[in-house]
Amino acid sequence: MIEIISGIFLLAGSSFILISAIGLLKMPDLYTRMSATTKASTLGIGLVLIGTAIYWVDLGIAARAIAIIIFLLLTAPVAAHIIGRAAYFDKVPLWEKTHIDELKGKYDEDSHELS
Amino acid sequence: MTFLLALIIGLLYGAGTYLILRRSLVKVLFGLIFLGHAANLLIFTIGRLTKGAPPFIPEGTETLVEPYADPLPQALILTAIVIGFGVQAFAIVLFKRTYQTVGTDDLDKMKSTDELK
Amino acid sequence: MMFSVILSTASRYLLPLLLIFSFFLLLRGHNEPGGGFVGGLVAAAAYALYFIANGIDEAEKLLKAEPVKLIAVGLLLAVISAVPSLLAGKNFMSGIWLDTNFPVIGKLGSPLIFDVGVYFLVLGIALKIIFSLAEEDK
Amino acid sequence: MNQLLLNILLATSWVLLVGELKAETFIEGIIIGYLILWISRSALGGTKYFRKIPVTIMFVFYFIKELVIANLKVAFDIVTPKDYMKPGIIAFPLDVKTDMEITLFANLLTLTPGTLSLDVSTDKKVLYVHALYVKDADSFRKDLKEGIEKRLLEVLR
Amino acid sequence: MNPLVIFPIILPLVFAVIMLLFWKKVPVHRYVNLAGSFISLVVSIIILEAVISDGIISLQIGGWEAPFGISIVADLLSTVMVVITAVIGFATALYSLGTMDEEREKYLYYPLLQLLLMGINGAFLTGDIFNLYVWFEVMLISSFVLLALGGRRGQLEGAIKYVTLNLLSSAIFLAAVGILYGIAGTLNMADLARKIPFLEQKELLTVVSILFMVAFGVKAAIFPLFFWLPASYHTPPVAVSAIFAGLLTKVGVYALIRFFTTIFIHDTAFTHNLLLISAALTMLTGVLGAAAQNDFRKILSFHIISQIGYMILGLALYSPLAIAGAIFYVIHHIIVKTNLFFVSGVVKKLKGSYSLKDVGGVYKYYPLLGLLFLIPALSLAGIPPLSGFWAKFVVIKAGLEIQEYFVVGIALLVGLLTLFSMTKIWNEVFWKDDPKGNENHLDESYRLISNYKKFMMITPIIFLALITIVIGLYAEPFFTFANNAANQLIDSSNYINSVLGMK
Amino acid sequence: MLNLIIIGFLASAVAPFIYKPLKKYFGWIAASFPLYLFLSFLSRYREVADGKIIKEYIEWIPALGINFTFLLDGLSLTFVLIITLIGVVVFLYAGAYMQDYEHTDRFYVYIGIFMTSMVGLVVSDNMITMFVFWELTSISSYLLIGFNHHKEKSRKLALQALLVTGGGGLALMAGLILLSQISGSLEISALYDLNETIRNAPTYTAIVILVLIGAFTKSAQFPFHFWLPNAMEAPTPVSAYLHSATMVKAGIYLIARMNHSLGGTELWQDTILFAGTLTMLFAAILSFNQLDLKKLLAYSTLSVLGTLTMLLGIGSNLAIKAFFIYLVAHSLYKGTLFLVAGTLDHETGTRDVSKLGGLKKLMPVTMITAALASFSMMGIIPLVGFIGKETVYESILELDYWGLYLIAIAVLANALIVMITILVGFKPFWGARSSTPKEPHEAPIKMLFGPAILAILGLLMGIFPNTFIGKLLDQSSLSILSEELGLKIKLWHGFNLVLLLSIVTLLLGIVFYFIRTKLLHITQNIKLIRIFKPSEWYEFAINGMMYIAKLQTKILQNGYLRNYIIFILVTAIGIASFSLYNVRSELTISPDFSLTFYEGAIALIIILSTFMVITSDSRLKSIVALGVVGFTMGVIFIIHSAPDLALTTFAIETLTVILFVLVLYKLPKFLKFSKTSAKIRDIIIASSVGIFMTLMVLYITSIDLVSEFKKYYTDTSVPGGKGRNVVNVILVDFRAIDTLGEITVLAIAALGVYALLKLKLDDRDE
Amino acid sequence: MSFIEVSTNISVVIIGLSILFIFIRLVIGPTIEDRIVALDLLAANAIAFIAVYAIQSGTTTFLDVGVILALLAFLGTVAFAFYLERRTKR
Ligand code: NA
Ligand code: NA
């Protein structure tokens with residue numbers, strides 16, 4: 001029974017991972033790619049880990065799995081944020097269909113101060 | 001996977017060699033890093049490969065029963081990796097300083113110490 | 001440093017988590033993956049993150065000890081770990097063990113002192129390198 | 001007070017890491033946790049934190065739900081042609097104040113439907129968000145205010 | 001089991017640590033370094049006595065039986081190397097007090113010096129090939145730092161070549177270690193010496209022995225692997241040049257001797273002939289390289305190479321007498337070469353240059369310095385009755401006995417050319433009048449040097465010169481020692497037994 | 001005798017300390033020490049004369065068979081007495097002559113060392129001990145020739161002398177070692193009555209050649225003669241002492257010494273005979289176009305040295321007798337004349353014979369001394385030189401076949417010597433007084449005393465030959481021929497062919513003197529003479545060597561790092577592959593080709609990223625790719641049961657990234673440097689390295705490894721190491737010392753980074 | 001073959017595929033930021049792979065590696081971002 005559940009988690013998780021990978025390939029610009037992947041991969045990996053935790057009925061393993069998940073939840077968005085803003089400084093182009101950009105011109109080129 | 005690893009080792013050595021023969025300091029640096037990887041993988045592979053049986057002795061038992069991975073090569077590589085890192089770190093900074101002082105990345109412009117005066 | 005309130009806040013809360021994890025790695029290394037080296041590197045990573053997020057001055061303020069001292073202490077501990085063996089008249093660096101059993105750590109013995117030495121040394125060198133480079137930057 | 005809480009939290013996480021529910025382990029955790037807090041005390045300013053435990057738990061569940069939905073939505077868009085998207089970067093005026101709050105909010109936002117927190121203005125009053133689906137900026141801002149920020153504030157205030 | 005044998009490795013570390021704990025206090029460094037190197041000297045001599053009286057001493061680190069634990073082995077060869085290292089360490093400690101600039105001292109020159117010695121001693125004393133790799137790295141990295149310390153352009157350019165080529169050789173060394181373990185299944189030298197003759201798969205041994213030969217050959221600066229040496233040795237402060245010149249290459253030579261008398265003697269027809277060819281070319285290219293130079297330290301650097309050739313020749317001839325000659329040569333050369341660099345440093349302080357063209361007239365006003373140059377210089381050129389003559393004599397005698405007349409011919413010719421460059425230095429630096437005119441022109445910085453520093457500068461030179469004379473006039477014990485050491489190497493059984501005895 | 005030698009060296013060392021205060025009397029003080037040696041050896045005269053061979057043995061390096069074995073027989077005693085006696089004269093003379101020189105104290109050190117070494121050389125019975133003194137004489141000679149070292153010429157010629165004699169010395173050493181391998185001992189006395197064995201030894205030819213090279217270079221025999229005239233750069237006392245009376249006779253001494261063991265073959269005798277004769281003749285001819293007093297004397301010395309060698313070559317009893325008398329005679333008169341030349345130089349300020357004349361009134365004593373020596377040199381009765389020449393002719397005439405030619409040559413040579421004598425010994429004093437740089441007057445007593453003594457000795461020996469040298473002659477010939485000579489020395493041989501020849505020689509010489517100026521033109525135009533100028537061969541050799549040296553350095557040490565790398569790699573891979581190729585037949589490849597999907601993926605990723613690094617033109621891109629390679633390595637480690645390795649790899653990769661990131665934006669963009677040809681060459685090298693390594697891995701993994709280590713560690717880890725992570729136990733316990741070294745490396749690296757970044761000395765003050 | 005085995009095998013393949021896809025992005029870029037994001041994702045996927053591989057090979061020790069990997073991947077990304085900042089900031 002446990003094995004079934006964990007198996008399902010694994011499959012679900014890995015599919016999310018696959019989706020995020022596809023997203024990374026398919027999305028038009030860096031920003032959209034990031035919005036797509038940060039979530040999907042985080043969730044996917046989370047599910048896989050839960051699957052693993054369930055498989056070994058062991059507090060230690062579960063703890064490790066949870067540790068990783070929490071850590072991912074803490075860091076993934078931060079990573080996305082700093083890459084995103086760095087990309088913006090770096091003038092990484094937005095997809096042409098991006099119709100609003102309220103950030104345009106708000107940055108001070110030199111000091112990177114944001115008004 | 002031994003065969004594949006043998007090929008990869010060859011590749012890494014080749015790449016490392018090719019890179020240290022470049023004129024650009026930075027590439028030479030990359031070359032050295034590659035040689036490091038190559039050497040580690042070499043020892044690892046030559047120490048014979050074992051899958052999914054790390055040399056950890058489970059609670060309640062005194063030793064392991066075959067098959068399990070040979071811990072010695074692992075320990076050796078660990079030491080080698082760390083030493084490699086130390087040397088690498090110094091090399092990186094040395095190369096940076098050299099670039100700043102000499103003002104170029106081109107090794108062919110660094111022959112002063114061998115000139116006949 | 002990077003003017004990102006998000007990153008710097010995150011780093012402040014990650015720091016203790018990473019440090020505890022590094023201790024964990026150090027202490028259990030004798031029985032599970034980990035050990036002084038990786039432990040030290042994780043600790044260093046924590047400080048490195050803090051430095052990137054909050055700048056070198058903040059980081060140096062946070063780390064009260066001068067890295068060189070950490071290096072010295074690390075090496076010192078490594079050497080000291082050999083002293084018991086000499087006192088006991090055994091071969092140099094022979095392990096001397098207390099007959100107690102702690103969770104995680106397992107037995108206490110001179111090799112553990114050695115590993116702790118490694119931990120401090122690695123922390124020290126990683127930080128010395130990173131900080132020197134960072135100061136070079138300013 | 002908070003320090004103690006945090007200390008206990010650390011101790012617990014230690015027990016979790018170790019993975020054995022023993023007294024010694026917890027004591028070890030307390031000791032090490034205290035050490036850590038001492039080491040990193042200048043990193044953590046005092047914060048009001050972990051009041052209203054129940055609200056928090058509620059929020060966590062709400063959030064996980066959101067997360068799953070978000071992903072399904074995005075997944076759908078990834079596998080189907082991409083022309084639905086109307087991406088844009090929106091300036092979102094913040095009601096959350098402290099660094100902690102801002103960070104939490106920004107990160108949660110990143111983890112929820114098609115949004116990605118790009119940056120916070122230096123004066124910490126505006127959050128710039130990249131979103132995949134914005135018909136018009138104001139309604140977008142409104143949704144966020146009603147939705148996640150409101151609930152978060154419930155937890156925090 | 002004598003616990004003392006580990007001390008030459010540990011003591012320098014301890015001294016370094018003490019200095020690091022007081023890392024801002026240069027005076028502490030100076031005195032800890034001086035006292036430390038003296039203590040090391042005493043300890044190493046005690047060990048030597050012990051080894052001479054009760055034979056090879058081997059210590060199992062951690063009490064783990066050989067070959068599983070790491071063995072520290074002090075036989076005659078390794079011990080004498082340790083002693084000489086200590087001698088040079090002490091001399092350099094003094095000389096540094098006289099010549100090293102405050103900045104470099106501030107930036108941890110002395111701790112690095114001690115750690116260098118630690119690495120060198122480790123390399124000499126270990127009985128485990130991977131551990132040898134580790135000590136080589138300790139030695140290398142500290143030499144990297146000492147070489148680049150100060151960051152002048154020349155230093156950096158030299159360091160780039162030195163570092164790259166030495167890392168290359170380390171990579172080869174490491175691979176060789178791995179391969180040898182993959183073949184023989186052990187890392188312990190004694191165990192290797194014991195196992196290899198009975199190995200079923202001998203084919204690959206020769207191949208791996210070549211890799212070791214190249215790896216050590218680079219460190220020993222033999223032909224055609226020596227290029228890093230002349231490119232770098234003249235760039236750091238002279239105290240550093242001196243200790244490098246004396247010790248570093250000898251570690252490579254030591255390793256070659258150790259490996260090709262103890263481990264790889266399954267195919268001497270091939271391996272040792274390679275060494276023979278290399279030796280001849282090393283002597284020749286080295287000495288010719290020197291002839292082309294006009295810089296005091298560069299000439300000396302190239303002579304390191306040509307002299308290494310003689311040592312390798314001794315090894316390649318592979319007879320007890322020949323190896324004794326090689327060992328005698330190593331002992332003599334370390335002392336002499338270090339001293340010559342010391343002298344070059346004093347000349348630099350006096351005249352402000354290393355270039356033969358820019359200096360002169362030293363003998364006229366400093367006859368003592370002239371004498372102190374002549375002693376090592378003529379010794380290097382093999383003029384009797386100085387140490388170098390006996391070294392050459394023994395190697396050549398051995399060569400003639402084995403009827404390798406051609407190589408002996410080269411050795412003799414190179415001896416003459418060595419005399420040529422030594423007299424070149426003598427003519428230019430000491431005999432010829434100062435190009436600035438025939439009065440005594442001193443570099444202005446020289447006037448700023450305190451008498452204390454001058455004293456510290458000259459003392460080690462006299463000290464080493466005396467050793468050279470003693471070895472020359474009283475060669476009997478030294479030769480007998482070298483002879484015993486050689487026999488110990490040729491017949492490995494003692495070595496094997498003392499290491500694996502406890503099994 | 002060792003004590004005397006030690007005293008000698010000590011005394012020399014003391015000189016500089018006592019010179020300054022005792023400057024005035026130093027000549028006398030200095031002379032007292034050779035005198036002491038002279039007397040102490042003279043005291044042994046009786047014993048030796050009575051045929052006793054005095055031996056002394058003190059251990060030095062017994063392990064090598066090298067000891068202080070001294071042997072005083074007729075031959076060595078003769079030499080010792082000459083050396084010390086002339087030493088007395090020269091030391092005294094120099095006291096006055098060298099007064100105006102700088103560093104006269106150093107002069108006395110050198111010459112003291114020289115004399116002592118010379119004594120050591122001739123009394124040593126151990127070949128290597130002798131060689132030690134041999135080399136010491138070369139060195140002291142070097143220092144003395146270069147005594148006026150502010151002059152480039154002096155430095156150059158001193159070096160020339162050193163290299164020629166030094167080179168010969170090395171040959172000699174080889175020869176002596178080979179010789180000792182036959183007798184199994186380094187003692188010369190051990191060679192007695194081994195003549196037969198030695199002659200039949202396979203190395204005999206080599207030995208003869210090597211030993212003779214040593215002897216000829218030292219005694220300036222053709223073609224090594226050129227350094228001797230050049231050595232006249234030295235102060236005159238040196239020329240008188242080293243380069244005429246003593247050192248240059250060392251080679252001849254050696255030949256005489258070795259004669260009984262090496263001699264008796266055509267190779268030996270003819271080589272010596274030939275070289276001697278050539279030297280005798282050409283030296284005489286070359287002396288023609290000389291005007292310098294010392295040069296003239298130098299060439300005459302050469303000629304005499306040739307004669308002496310020739311006599312040894314003849315090797316008959318009579319020849320040996322002639323050799324011996326001529327040796328003694330020459331030392332006496334030539335020493336004298338050199339000193340006279342010195343005196344003239346010192347007083348008049350020139351050595352140019354054409355500028356000298358009519359000094360007899362101003363310098364009567366010098367004149368008489370010169371005259372006496374000159375008569376001896378010309379071979380005029382009743383001086384010892386006469387006996388010398390007579391016996392020389394006599395011994396030549398004995399020869400059946402060669403005799404005629406040789407006698408002709410000998411007469412010619414001696415005639416020229418007569419001419420030289422007239423130029424040096426008489427012309428300056430007689431005839432018209434010509435103006436000189438300095439206003440001459442009689443030399444001080446110190447400078448008159450010595451030469452006079454020697455000259456008078458020449459006379460006495462001529463009149464009472466047997467009382468002086470008869471006994472020594474017998475004993476010496478014993479050592480040279482190992483048989484009694486049984487010939488008495490007579491001053492007067494009666495009217496015979498020999499006497500006729502002497503007269504002819506004399507007249508011919510006088511004729512030469514007068515037609516000299518005419519002959520000068522002829523000789524200068526003889527191209528032949530230019531060809532016989534080995535001094536130019538020497539120049540050629542030196543320049544050639546320098547050329548090769550520079551060329552080699554340009555080729556090898558060319559400053560291009562990659563060329564150095566290529567040298568190393570090609571050597572390594574070349575030789576290694578060669579030895580691998582030799583054993584290919586015994587080797588097999590049987591690795592497991594099994595492969596899973598993810599392993600394929602991993603391989604693919606590594607390969608692609610590697611190429612990314614190589615081809616990328618952006619640094620950051622390369623860093624990222626490098627990171628991927630590293631992380632993939634980690635994954636490989638995980639798959640193959642090495643979690644600790646994986647941990648470490650990941651950690652280090654990340655740290656490396658951080659390092660790069662902190663350093664990188666300071667580093668330059670990649671530029672396209674290398675040419676395609678270079679790239680191709682590098683690719684070939686790189687791929688051969690790669691292929692070699694791959695092969696090694698495949699071969700080795702196909703052998704089954706037998707290692708007790710694996711089992712030992714896992715069995716001992718828990719009970720002994722108290723740990724369950726075996727790798728960690730190895731690191732902190734089984735092989736803790738490795739880890740100690742490892743962390744030391746890290747520490748040094750960190751300190752290095754710190755020092756390198758902080759300490760930036762500028763190039764100006766270096 | 002039990003369900004769990006099937007599912008682990010499938011997951012491994014899927015994760016492997018995703019890794020390849022992500023790697024393609026890393027290779028083609030176009031911007032350096034794309035590569036960095038890809039690298040970050042690669043690490044994350046490696047964690048998933050490790051987790052599944054742990055089940056496959058029946059050894060738990062690998063999971064610890066996952067924890068470290070998560071941390072280090074984040075640190076690496078931050079470092080790269082830091083670099084980009086330094087590069088664009090004056
Ligand atoms: Na132990
Ligand atoms: Na042997």
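Convention: sequence-line order gives letters A, B, ...; per-chain numbering from 1.
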Between the side chain of E:K161 and the main-chain N/O of B:M110, is any donor-acceptor distance below 3.5 Å? yes
From B:F90 CZ over to E:L167 CG, what is the distance, rounded to the nearest 0.5 angstrom? 10.0 Å
Can you tell me which portion of E:I172 sits under 4.5 Å from chain B's heavy atoms? Options are side chain, backbone, both or neither. neither
Highest number of heavy-atom pairs under 4.5 Å with chain E: which of B:V102, B:L42, B:I43? B:V102
Calculate, to the nearest 0.5 Å, the distance between atoms NZ and CG belonging to B:K96 and E:L156 respectively. 12.0 Å
Under 4.5 Å heavy-atom distance to chain B, tell me which part of E:E137 shows up: side chain, backbone, both or neither. side chain
Looking at E:A171, E:S170, E:A175, which has the largest count of heavy-atom pairs under 4.5 Å with chain B? E:A175
Segment of B:F44 engaging chain E (4.5 angstrom heavy-atom cut-off): neither
Select, from B:T17, B:L72, B:N40, the one with the greatest count of heavy-atom pairs under 4.5 Å involving chain E. B:L72
If you measure from CD1 on B:I77 to CZ on E:F130, what distance do you get to the nearest 0.5 Å? 9.0 Å
For the interface with chain B, which of E:G182, E:G185, E:G178 has the highest count of heavy-atom pairs at distances below 4.5 Å? E:G182
Taking every heavy-atom pair that is under 4.5 Å apart, which of E:I179, E:L140, E:D295 has the most such pairs with chain B? E:I179
Where on E:L174 is there a heavy atom nearer than 4.5 Å to chain B: the side chain, the backbone, both, or neither? both
Is B:E115 close to chain E through its backbone or its side chain, or both, or neither, when contacts mean heavy atoms under 4.5 Å? backbone
Rounded distance (nearest 0.5 Å) linking atom OH of E:Y133 with atom OG1 of B:T79: 9.5 Å
Under 4.5 Å from any heavy atom of chain B - which part of E:V138: neither
Find the one option among E:I160, E:V145, E:I141, E:V163 whose heavy-atom pairs under 4.5 Å with chain B are most numerous. E:I160
Measure distances from E:A292 to the heavy atoms of chain B and classify the residue's part below 4.5 Å as side chain, backbone, both or neither. both
Drop me the distance from E:Q155's CD to B:T98's OG1, to the nearest 0.5 angstrom. 10.5 Å
With chain E, the option among B:V87, B:L94, B:L76, B:I46 that has the most non-hydrogen atom pairs under 4.5 Å is B:L76
Is E:F144 close to chain B through its backbone or its side chain, or both, or neither, when contacts mean heavy atoms under 4.5 Å? both
In this structure, CG of B:L32 is separated from OG1 of E:T164 (nearest 0.5 Å) by 6.0 Å
Contact class of E:V177 relative to chain B, heavy atoms under 4.5 angstrom: neither
E:E157 and B:S112: side chain donor to acceptor below 3.5 Å: yes
For B:T113 against E:A231, the heavy-atom pair lying closest together: OG1-O, 2.9 Å
Heavy-atom proximity to chain B below 4.5 Å, by part of E:N294: both
